[in-house]
Each structure stands twice: as structure tokens, then as C-alpha cells.
Number of protein chains: 2
Amino acid sequence: MAESDTIDSKPLAKVLNEHGVRPTSQRETVYESLLQKRDHPTADEVFARVREKAPTISLATVYNCLDVLVQNKLVRAVNFERAPTQYCANLAPHAHFHDEAGRTLDIEMPTGVIDQLRDLLPSDFDVKHIEVNFHGRAPHND
Amino acid sequence: MAESDTIDSKPLAKVLNEHGVRPTSQRETVYESLLQKRDHPTADEVFARVREKAPTISLATVYNCLDVLVQNKLVRAVNFERAPTQYCANLAPHAHFHDEAGRTLDIEMPTGVIDQLRDLLPSDFDVKHIEVNFHGRAPHND
DNA sequence: ATACGGAATTAGAACTATTCTAAATAAAAT
DNA sequence: ATTTTATTTAGAATAGTTCTAATTCCGTAT
């Protein structure tokens, strides 16, 4: 299995480039880790995960990379009640469910619902982003 | 106009009591300030405002009072992207619009919309709270 | 290939909103 | 009045994030 085309790793740099992000190895590693385990990790958690592949990376760099990815719409930052920011590689419009146990789940949001939310606002409001957060208890399926 | 019944100040202690909050002078002052200027102040801003009426109050007490009011459903805490928590005395279910200039506005949310949001979740999810935040540019009417 | 210049990374210090701590005070219950 | 319990207070501590200044990296021009 020496020189097989690994389906994921090759186009990563290209994806970053297409979004205006200079593909450094740290950015690729951070982005890859978000794509691989989609459980809304915090910066600290990302830091812990990427250290295996990039043992010399610093926490500041993880923050930098995450910021760049968020700025360039490759990743979403998710905030809930002053808890540490969580990161999410799901780009489809969706809401988040925050479990009382600490889990964060993506909730699909059809465009119809989004449009209805937007219609709550007077027409002279310019809406850039709509954020929907649920909080409660989700059934734990282990 | 010496001994007129001031419509607001009398029942305040009663309102607190009815919500299970022991009415201390600090709590009354903090709650009153939120009722009077409904512009979603931060704890620091509340601190600055109540100092006129209660010059010896401490910031820690302001935090304590706000927490107690939030715990007992007299006030809502509003968070947006790790900005300092803002406080809101509007108890009706509503969303928030976060202006790029920093203003926070209440947006009425009919129960129909709330129900539709809840319907996005599988029925075995127990929803405690739904939070909707808009972000964008609001027309500034000065 | 090599040197230059701007961008990215790094370690650690700094910052900020909030919470904690322990002592003092106030209020309620006896 | 006295005891108990809750609240307030000032300041220290904490945690997540950002800043700083030095180093390293990478693309481009030579």
C-alpha cells in the first residue's frame, strides 16, 4: 500500500487554495482533523488531536488556523453560553443541539425554515447570518 | 409630589419574592435598572448604571444578582460569539438581532415559528430552550 | 540553485470576562 | 436578643483567547 492515491489527503491543499487560504501543513492538519472527527471540538481538543500528526504545532497556531478557516468559510465557529468555541466542518446550513451532557449535534435546517426566520425581520434589515441553538436532553445512543 | 405611589418601585420586592428571590436592595436596584433601560447591557454596564443609586455595590454583587435573576427566570442572559454576556428583562419568547454596530434588538417570535423549530428535532429529544440569533446590519434610527 | 520579502508559526506574556474565596455584614428565625 | 443563614464585598484566581516579538517557512525573482 505504498503509493496509493489517498482519496482525502491530495485535494486538501487544493480546497484550501480555492477558498483563498494558503495551504500550510498546519492548516491542512487542522482542517483534516475537523473533517475526520465531526464532533465539534474546541481549540484545545483540536490541539490535542493534531499533535500526533504535527508534534511541534502550538496552541496559538491552532487558534490562527481555525480563525483563518472560519474567516474563509471552510469551517463554522459555534458558540454556546460562553463555553469554549467549538468548530464544525459542516458547511450546509444547520442548527445545533447542545446536549446537557456536553455533546453538540448538527440539526438539519431546510431553507423554508430559514426563510421563515428571516421573515420575522423588517425588510430593511440586512441579515448576514442566522444562528439557531437548541438546548436540552438528547437520547444517548452509544 | 411627595408621597405619591410610584408605580414601579413598590411592587418590585413583591415581584422578586413571587419568583423565589429574596429581595435585597442590591437585587432590586439591579433588576430595576434592567427594567428601565432595556438595551441589553453587559454586567459592566449594569454596574456603571446602578452605582448612582447604590454607590457601594460591587461588581461581584452585580454578577451575583444577575445570576440570581437569570436562575429565577426574571431576566434572560444573551450571548453572542463570546462577547460579554448581555442581560434582557423581556420575558416574552423572542429572538435577538445583533447589529454590526453593537446594538442588540429584540425580535418577536410567534409561537408558530417556535413550534416549527422544535419540529426539526426527532421526538425523543427533550428541548429545554431554543435560541435564535440574527446577525447583520439594522437601519439606525437615531 | 540562491537570496529576498512577505506571510505564517511559535512560545510565552498579556488580556478580559467571569468565578472563587474568605471575611464582613445583613436579614430571618428562634 | 441571639443564633443561624444568606448576602455582599474586595480582591485574588481562573480560563479562553489574543497579542507580541522573534524565528521559520515558502514563493518568487534572480
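Chain identifiers are assigned alphabetically (A, B, ...) following the order of the sequence lines, protein sequences preceding nucleic acid strands; residue numbering begins at 1 within each chain. The basis for the numbers below is simple: all heavy atoms, side chains too, and nothing from hydrogens, waters or symmetry mates.
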Assess the side chains of B/Gln86 and B/Thr104: does a donor N or O sit below 3.5 Å from an acceptor N or O? yes
So which nucleotide from C/dT19, D/dT17, C/dA11 ends up closest to the side chain of B/Asp67? C/dT19
Give a yes/no answer on whether the side chain of A/Thr85 brings an N or O atom under 4.0 Å of OP1 or OP2 in D/dT17. yes
Given side chains that start at C-beta, do those of A/Val78 and A/Tyr87 come closer than 4.5 Å, heavy atoms only? no
In whole angstroms, how far is the C1' atom of C/dA17 from the CG atom of B/Asn79? 11 Å
Expressed as a whole number of angstroms, how long is the span from A/Leu69:CG to C/dT9:P? 10 Å
Of A/Gln86 and B/Arg27, the one whose closest nucleotide on DNA chain D sits nearer the 5' end is B/Arg27
Is there a side-chain contact between B/Ser58 and the phosphate of D/dG11, meaning an N or O under 4.0 Å from OP1 or OP2? no
Parallel, tilted or perpendicular for B/Phe97 and A/Phe125, by the 30°/60° rule? perpendicular
Identify which nucleotide among D/dT17, C/dT18, D/dA10 has an atom closest to any side-chain atom of B/Ala60, counting heavy atoms from C-beta outward. D/dA10
Can you tell me if B/Thr42 touches the phosphate of C/dA17, counting only side-chain N or O atoms and a distance under 4.0 Å to OP1 or OP2? no
Rounded to whole angstrom units, what separation is found between the CG atom of A/Asp44 and the C1' atom of D/dA15? 9 Å
Starting at atom CZ of B/Phe47, determine the distance to atom C1' of D/dA10, rounded to an integer number of angstrom. 10 Å
Distance, rounded to the nearest Å, where A/Leu16 contributes CG and D/dG27 contributes P: 13 Å
Mapping B/Arg82 and B/Pro23 to their closest nucleotides on DNA chain C, which lands nearer the 5' end? B/Arg82
Establish whether A/Val113 and A/Leu105 are linked, either directly or via other cluster members, by ILVMFWY side-chain heavy-atom contacts under 4.5 Å. yes
Distance in angstrom units between B/Asn17 CG and D/dA6 P, rounded: 16 Å
Specify the separation, in whole Å, of atom OH of B/Tyr87 and atom C1' of C/dT18. 9 Å
Using a cut-off of 4.0 Å on non-hydrogen atoms, how would the nucleic acid contact of A/Thr61 be classed: base, sugar-phosphate, or nothing? base
Using a 4.0 Å heavy-atom cut-off, does B/Thr56 contact any base of the nucleic acid, only the sugar-phosphate backbone, or nothing at all? sugar-phosphate
Using distance alone, with no hydrogens and no angle criterion, decide if A/His96 and A/His98 have a side-chain donor and acceptor under 3.5 Å apart. no
Verify the contact: side-chain N or O of A/Tyr63 to OP1 or OP2 of D/dT18, cut-off strictly under 4.0 Å; return yes or no. no
Counting side-chain heavy atoms from CB outward, which of D/dT9, D/dG16, C/dA7 is closest to A/Arg22? C/dA7
D/dT24 C1' sits how many Å from A/Asn64 CG, rounded? 14 Å
Taking OP1 and OP2 of D/dT9, is either one under 4.0 Å from a side-chain nitrogen or oxygen of B/Gln26? yes
